*Asks:* 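Have a look at the structure that comes next, please.
Side-chain atoms are counted along with the backbone in the values below, which use heavy atoms only and exclude waters and symmetry mates. Just so it is clear, the model here is predicted, and its values are computed rather than measured.
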2 protein chains.
Amino acid sequence: MNTKLEQYDPSIYDRPSVTVDVLLFTIIDRELKILLVRRKEEPFMGSWALPGGFVRINESLDEAAKRELQEETGVKDIYLEQLYTFGNPKRDPRTRVITVSYLALSAEKQWLLESHGDASEAAFFSVKETPRTAFDHESIIKYGLDRLRNKLGYTNISLSLVPESFTLTDLQKVYEIILDETIDKRNFRKKILASGLLLPTGSKTDGTAHRPAMFYRFKNREVIITD
Amino acid sequence: MNTKLEQYDPSIYDRPSVTVDVLLFTIIDRELKILLVRRKEEPFMGSWALPGGFVRINESLDEAAKRELQEETGVKDIYLEQLYTFGNPKRDPRTRVITVSYLALSAEKQWLLESHGDASEAAFFSVKETPRTAFDHESIIKYGLDRLRNKLGYTNISLSLVPESFTLTDLQKVYEIILDETIDKRNFRKKILASGLLLPTGSKTDGTAHRPAMFYRFKNREVIITD
DNA sequence: TGAATAGTGTCTTTCAGACAATATGCC
DNA sequence: GGCATATTGTCTGAAAGACACTATTCA
């Protein structure tokens, strides 16, 4: 590119490999679940692991996370946020691998793992009973879960876990499932409505054997960026 | 190590280089300052940059940050926390370099840059007037500064910026300088004392031409880990 | 009218923020 | 007494949390 810059050659350094790993959380059957894939290679061949892989030389970290998730699971167009970088020299028994972890959230939607070629190799697990995983992925999951729970309190991150339109009871369940605790209905509604993030859509649930519920949507579908 | 694991060779992937960069903030002359070093190599030779360098193959990221800071500036034994990993493919004009940034805090203390061999190549700059820097270091600094300001509000991170023993006025100044705003004295004292983080030492300032002030110290010298 | 869920209001406590007068030590 | 900084309390408004009854639809 610029010839003057070429005189310095960084290849003289031993370089670690760099991967991205994605923690995709979603709610299925009233449980918070995380997506894991079965490894097809050593080390830990056959073990469950976070979807992820090597960062390519010309893509950003965000792009790598997005690509790996899509390649391994068919999931795309979802919320992604960088979490933390894990770099213990022993975390991979082969060689030095540094991994940048990402938090991804999705409402249980149209995408189905079955539609993807490698579907049989990916599955959702309740965060309450994750299997043994490859590498240090268990501690990465723990870290991501803590972050998710924290951010729920001071951001609008929950919008990524509900469909376009939802009732307040739906939204409350998302909070209860993630935080693993019950919430007072009146206080929840007061707070969430006072936040000004929601708008009533005007339509209501239909065909229920009880009082219909108002649908709401998020005013802004972008996650507020805060740390 | 384990022969079975060796059959998979990750070296077939093009690997990016990985560096750490440290944002060392400290308060000098009533200003929040950041430590920069002058680059001795291309690219950006002669420019100011964050202290940092390549991660070695057998050290953790935290260790690399600690080592680089010590090597380049002589500073050691200070608070360090991982911030964020920057991996835009174009951020380094030579080749692909991913950098893991760290936040470091120190009370202005005994360590002096002059005592270190390369002292003339390191200097503190007010965050209000940082010079042009190499790479994307300006945006990294901005990110770190935001994080520092945020964490000041909900952690005891300020303990890293005051000496063992200090007056409430001293501590208030730390907050005012970092946040770049004045704080009501009564409200600050009420809040900080109510937090339960401080203990009066029993001794007072001495030899001032006015009422002496009580010294306090932090109950716990460890930074509470929160995100 | 019974079943099931939606929807709502009050009280208390806590916390943040605005605001000014008194206390202490030295000269 | 004068100067300089330390120390302290009240009021108000906002938000959080505890808590129970009424409303609506369908079968």
Side-chain angles (χ1 to χ4, degrees), chain A residues 27 29-30 149-158 162-163 165-218 224 226, chain B residues 27 30 149-156 158 162-163 165-218 224 226:
Chain A
I27 292 175
D29 296 338
R30 307 205 163 196
R149 287 180 171 144
N150 269 329
K151 291 200 87 162
L152 207 55
Y154 63 91
T155 70
N156 62 346
I157 201 170
S158 60
V162 289
S165 180
F166 50 87
T167 67
L168 293 184
T169 302
D170 293 339
L171 190 59
Q172 181 175 343
K173 276 184 193 131
V174 168
Y175 279 72
E176 290 180 331
I177 290 166
I178 294 176
L179 299 176
D180 197 24
E181 64 187 27
T182 61
I183 303 173
D184 181 86
K185 196 202 295 194
R186 287 160 295 187
N187 292 337
F188 178 78
R189 292 162 101 95
K190 202 194 317 173
K191 186 170 167 180
I192 202 82
L193 290 175
S195 77
L197 295 171
L198 301 187
L199 282 178
T201 64
S203 52
K204 299 186 175 193
T205 54
D206 187 19
T208 59
H210 55 268
R211 179 170 176 175
M214 178 68 74
F215 282 118
Y216 288 80
R217 62 182 179 81
F218 278 91
I224 294 168
T226 1
Chain B
I27 292 175
R30 307 205 163 196
R149 286 180 172 145
N150 269 329
K151 290 200 87 163
L152 208 55
Y154 63 90
T155 70
N156 61 346
S158 59
V162 289
S165 179
F166 50 87
T167 67
L168 293 185
T169 302
D170 292 338
L171 189 60
Q172 182 175 345
K173 274 183 194 133
V174 168
Y175 278 72
E176 289 180 330
I177 289 166
I178 294 176
L179 299 176
D180 197 23
E181 64 187 26
T182 61
I183 302 173
D184 180 86
K185 198 198 294 196
R186 288 159 294 186
N187 292 337
F188 177 78
R189 294 161 101 93
K190 201 194 320 172
K191 188 170 166 179
I192 202 81
L193 289 176
S195 76
L197 295 171
L198 302 187
L199 281 178
T201 63
S203 52
K204 299 184 174 194
T205 54
D206 186 20
T208 59
H210 55 268
R211 178 170 175 175
M214 178 66 75
F215 281 117
Y216 287 81
R217 62 182 177 81
F218 278 90
I224 293 169
T226 1

*Asks:* For nucleotides 20-23 of chain C, list the nitrogen or oxygen atoms of the protein found under 3.5 Å from its nitrogen or oxygen atoms, one pair per line.
*Replies:*
unit_1  : atom_1 : unit_2  : atom_2 : d
dA23(C) : O4'    : R211(B) : NH1    : 3.4
dA23(C) : N3     : R211(B) : NH1    : 3.2

*Asks:* Mind checking salt bridge (charged side-chain N to carboxylate O under 4.0 Å, His left out) for D170(B) and listing every partner two or more places apart, or none if nothing turns up?
*Replies:*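 In terms of salt bridge (charged side-chain N to carboxylate O under 4.0 Å, His left out), with neighbours along the sequence ignored, D170(B) is linked to no residue.
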
*Asks:* Using whole Å, report how far CD of Q172(B) lies from P of dT5(D).
*Replies:*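 Nearest whole value for this atom pair: 14 Å.
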
*Asks:* Taking only residues at least two apart or on different chains, which pairs with a member in residues 175-184 of chain B satisfy salt bridge (Lys or Arg N to Asp or Glu O under 4.0 Å)?
*Replies:* K128(B)-D180(B), D184(B)-R186(B)

*Asks:* Would you indicate what T169(A) reaches in the nucleic acid, counting non-hydrogen atoms under 4.0 angstrom: base, sugar-phosphate, or nothing?
*Replies:* sugar-phosphate

*Asks:* To the nearest Å, give me how far apart CZ (F215(B)) and P (dA6(D)) are.
*Replies:* 11 Å

*Asks:* Working to the nearest 0.5 angstrom, can you tell me the gap between L197(A) CG and L193(A) CG?
*Replies:* 10.0 Å

*Asks:* Does I178(B) offer a backbone N or O that forms a donor-acceptor pair with the side chain of R149(B) under 3.5 Å?
*Replies:* yes

*Asks:* Is there a side-chain contact between I224(A) and I157(A) in this structure, where contact means two heavy atoms from C-beta onward sitting under 4.5 Å apart?
*Replies:* no

*Asks:* According to the ring pair (Phe, Tyr, Trp, His ring centres under 6.0 Å) rule, which pairs have a member within residues 177-203 of chain B, sequence neighbours left out?
*Replies:* Y175(B)-F188(B)

*Asks:* For K185(A), which residues count as a side-chain contact (heavy atoms from CB on, under 4.5 Å) partner, sequence neighbours excluded?
*Replies:*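 Only Q172(A), R189(A) meet the side-chain contact (heavy atoms from CB on, under 4.5 Å) criterion with K185(A).
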
*Asks:* Nearest whole angstrom, please: distance from the P of dC21(D) to the CG of D184(A).
*Replies:* 14 Å

*Asks:* How long is the line joining CG of L171(A) and C1' of dA6(C), in whole Å?
*Replies:* 15 Å

*Asks:* Could I get the full list of side chain to side chain donor-acceptor pair (under 3.5 Å) partners for K173(A), not counting sequence neighbours?
*Replies:*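 Partners of K173(A) by the side chain to side chain donor-acceptor pair (under 3.5 Å) criterion come out as none, since no residue qualifies.
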
*Asks:* Kindly write out the residues that satisfy side chain to side chain donor-acceptor pair (under 3.5 Å) with S203(A), not counting sequence neighbours, or none if the list is empty.
*Replies:*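 S203(A): side chain to side chain donor-acceptor pair (under 3.5 Å) contacts with T201(A).
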
*Asks:* State, yes or no, whether a side-chain contact exists between I27(A) and V162(A) at a heavy-atom distance under 4.5 Å.
*Replies:* no

*Asks:* When you measure from every atom of DNA chain C, which of residues 174-181 of chain A have a heavy atom less than 4.0 Å away?
*Replies:*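 By residue number: none to list.
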
*Asks:* Give the table of side-chain donor-acceptor pairs shorter than 3.5 Å for residues 209-218 of chain B, with sequence neighbours excluded, one pair per line with atom names and distance.
*Replies:*
none

*Asks:* When you measure from every atom of DNA chain C, which of residues 187-209 of chain A have a heavy atom less than 4.0 Å away?
*Replies:* R189(A), K190(A), A209(A)

